[in-house]
Amino acid sequence: MTEVRISDKNLRRFGHAVFDSVGIPKKIYKTVVDGLVETSLRGVDSHGVRLIPHYIRAAIIGRVNKNPKFSFKKTGSSTGILDADNGHGIAAGTEAMKVAIKLAKRTGMGGVAVRNSSHFGAAAIYSLLAAKNNMIGLSFTHTDSLVLPFGGKKPFLGTNPICFAAPCEGEEPFCLDMATSQIPWNKVLVYRSNKKNLEVGWAADKNGNLCEDPEAASSLLPIGLYKGYGLGLMIEIFSSLLTGMAYGAHINSMYPLDNKKRFLGHFFISIDISRFEKIEVFKKSLKKMMKELRNLPTAPGFDKVRVPGDPEKEAYIRRSKNGIPMSEQEIKAFEKLLGDLNLNNKSIKKLLL
């Protein structure tokens, strides 16, 4: 399938134009588009700019509130709850982590729960925000029921990601961003679009049998068998029970797209490193540890030892220089969106060339 590369600058301009065209305020769409573009730059295509058409249509049909009024209620010296008013999850999550960082600067740690939200994209968006403020950042969310519990053949929990990020001397932060399933569901959709088979152990069909055909996949497998299942349940508790939102099989699905609001919950934690160790010492120590890991001898079939976040850092360098790869099908989806929005003017279409 033909692939083109589009600069992050053009994708930002494209995203701004289409979000603005449907009446979403700049303070919302800039945060959302920046989050999606940065995610694609880091090589996480399943949660990047390919979601723009979905997010736009969700706003048009009323699943997502175009102009939400976020409200924050402080519940303690270092805790609080942010009501997202069913707005875009990336905007709500960014605001929540900013509040958590402020709380951590005052008290050492900040914890913010988010309720009444929607899909929040890549969890790294928020943990990296904390790390770039010399904090340790933790981000959690739940998703609709897609993952088989260990020993079961009917999905219950979502892909429920967790992200941990910390600042490091001389390079971008250490960042572990992972689903508690083998892959996120959006990756199945990417493989469907590109007509590629899934790897064995990623997904199962409607009968709970392992499958490689992305068209037949209806559920995902947890990482590490019962261990991933347990981690997913832990994140569900953070995201559902601490936020008052529905859990597991009771969450409205992301697909197919309809006008049902999703009422998702997220949880964010920011930890002020300087309350435990001098920030310069911490960053230097983390750099030393990462260097030692990268210098370890490699096993057969590997070019080098990497630490979590290294592939994303490598992708960011490449894509910042060469552009973000987009499949022919993804470009057609963008062009269809422009047609649906009556935005087929040359200046906007040119951004996709």
Side-chain angles (χ1 to χ4, degrees), residues 3 5 38-48 122-128 130-132 134-140 150 159-184 186-188 190-191 194 196-203 210 212 220-232 234-235 271 273 276-325:
E3 179 183 273
R5 289 182 175 271
E38 288 293 307
T39 299
S40 284
L41 281 171
R42 297 180 72 247
V44 188
D45 293 315
S46 59
H47 285 63
I125 294 170
Y126 319 101
S127 296
L128 285 172
K132 290 173 181 178
N134 286 329
M135 304 269 176
I136 286 174
L138 287 153
S139 305
F140 312 93
F150 181 66
T159 56
N160 294 13
I162 179 173
C163 183
F164 172 100
C168 179
E169 181 185 77
E171 63 178 277
E172 289 297 299
F174 169 93
C175 183
L176 169 67
D177 183 6
M178 55 177 248
T180 48
S181 56
Q182 290 284 359
I183 57 170
N186 278 330
K187 192 161 188 174
V188 174
V190 170
Y191 274 59
N194 296 332
K196 291 174 61 179
N197 280 344
L198 304 171
E199 291 188 16
V200 177
W202 280 3
L210 297 182
E212 298 174 58
L220 302 172
L221 278 295
I223 58 170
L225 304 175
Y226 66 90
K227 296 178 181 179
Y229 166 48
L231 277 174
M234 177 196 79
I235 292 164
I271 302 171
I273 295 166
F276 303 91
E277 177 63 279
K278 292 180 179 178
I279 186 64
E280 296 80 10
V281 173
F282 176 90
K283 292 166 76 170
K284 186 174 290 186
S285 296
L286 180 54
K287 176 70 173 181
K288 182 175 182 292
M289 181 170 65
M290 292 165 65
K291 183 178 180 180
E292 288 180 10
L293 281 164
R294 290 166 177 154
N295 287 336
L296 288 174
T298 57
F302 291 87
D303 61 333
K304 58 183 173 180
V305 175
R306 291 173 170 85
V307 297
D310 278 359
E312 290 82 1
K313 292 176 185 179
E314 293 165 7
Y316 196 98
I317 293 170
R318 287 194 312 272
R319 293 183 173 198
S320 295
K321 179 181 179 181
N322 302 321
I324 293 169

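- Going from atom OG1 of T180 over to atom CG of L220 covers 10.0 Å, rounded to the nearest 0.5 Å.
- Residues K283 and I273 are not in side-chain contact: their nearest non-hydrogen atoms beyond the backbone lie 4.5 Å or more apart.
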Q: Apply side chain to side chain contact (heavy atoms under 4.5 Å, CB included) to F282 and I136, showing your working.
A: CA-CA 11 Å; F282 176 90; I136 286 174; 4.3 Å; yes

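- Across all non-hydrogen atoms, the minimal contact from P167 to A131 is CB-O, 3.4 Å.
- Considering all non-hydrogen atoms of both residues, L221 and G201 come closest at CB-O, 3.5 Å.
- I162 is not listed as a side-chain neighbour of F164, based on a closest heavy-atom distance of 4.5 Å or more.
- A donor-acceptor contact shorter than 3.5 Å links the side chain of S127 to the backbone of C163.
- Remark: the backbone N or O of A124 is paired with a side-chain donor or acceptor of D177 at under 3.5 angstrom.
- To the nearest 0.5 Å, the span separating OG on S181 from CG on L231 amounts to 11.5 Å.
- No salt bridge links K304 with D310; every basic N to acidic carboxylate O contact stays at or beyond 4.0 Å.
- Side-chain contact between C175 and E312 is absent, with no heavy-atom pair separated by less than 4.5 Å.
- The minimum heavy-atom distance between A203 and L198, with the atom names listed, is CB-CD1, 3.8 Å.
- In this structure, K287 contributes its side chain and G170 its backbone to no donor-acceptor pair below 3.5 Å.
- Atom NZ of K284 and atom CD of E277 lie 11.5 Å apart (nearest 0.5 Å).
- With rounding to the nearest 0.5 angstrom, the CD atom of E172 is 7.0 Å from the OH atom of Y316.
- M290 has its side chain within reach of E171: a pair of non-hydrogen atoms, C-beta onward, lies under 4.5 Å apart.
- E38 and K132 are not joined by a salt bridge, as no carboxylate oxygen comes within less than 4.0 angstrom of a charged side-chain nitrogen.
- Considering every non-hydrogen atom in both G228 and P222, the closest pair reads C-CB, 4.1 Å.
- In this structure, NZ in K291 is found 11.5 Å from SG in C168, a value given to the nearest 0.5 Å.
- Atoms CZ and CG, from R42 and L128 in turn, are 5.0 Å apart once rounded to the nearest 0.5 Å.
- The side-chain heavy atoms of F276 and I271, taken from C-beta on, include a pair separated by under 4.5 Å.
- The backbone N or O of P311 lies less than 3.5 Å from no partner atom in the side chain of R306, so there is not a single donor-acceptor pair.
- Across S40 and I324, no two heavy atoms sit closer than the pair CB-CD1, 3.7 Å.
- Smallest separation of non-hydrogen atoms from P325 and R5: CD-NH1, 3.5 Å.
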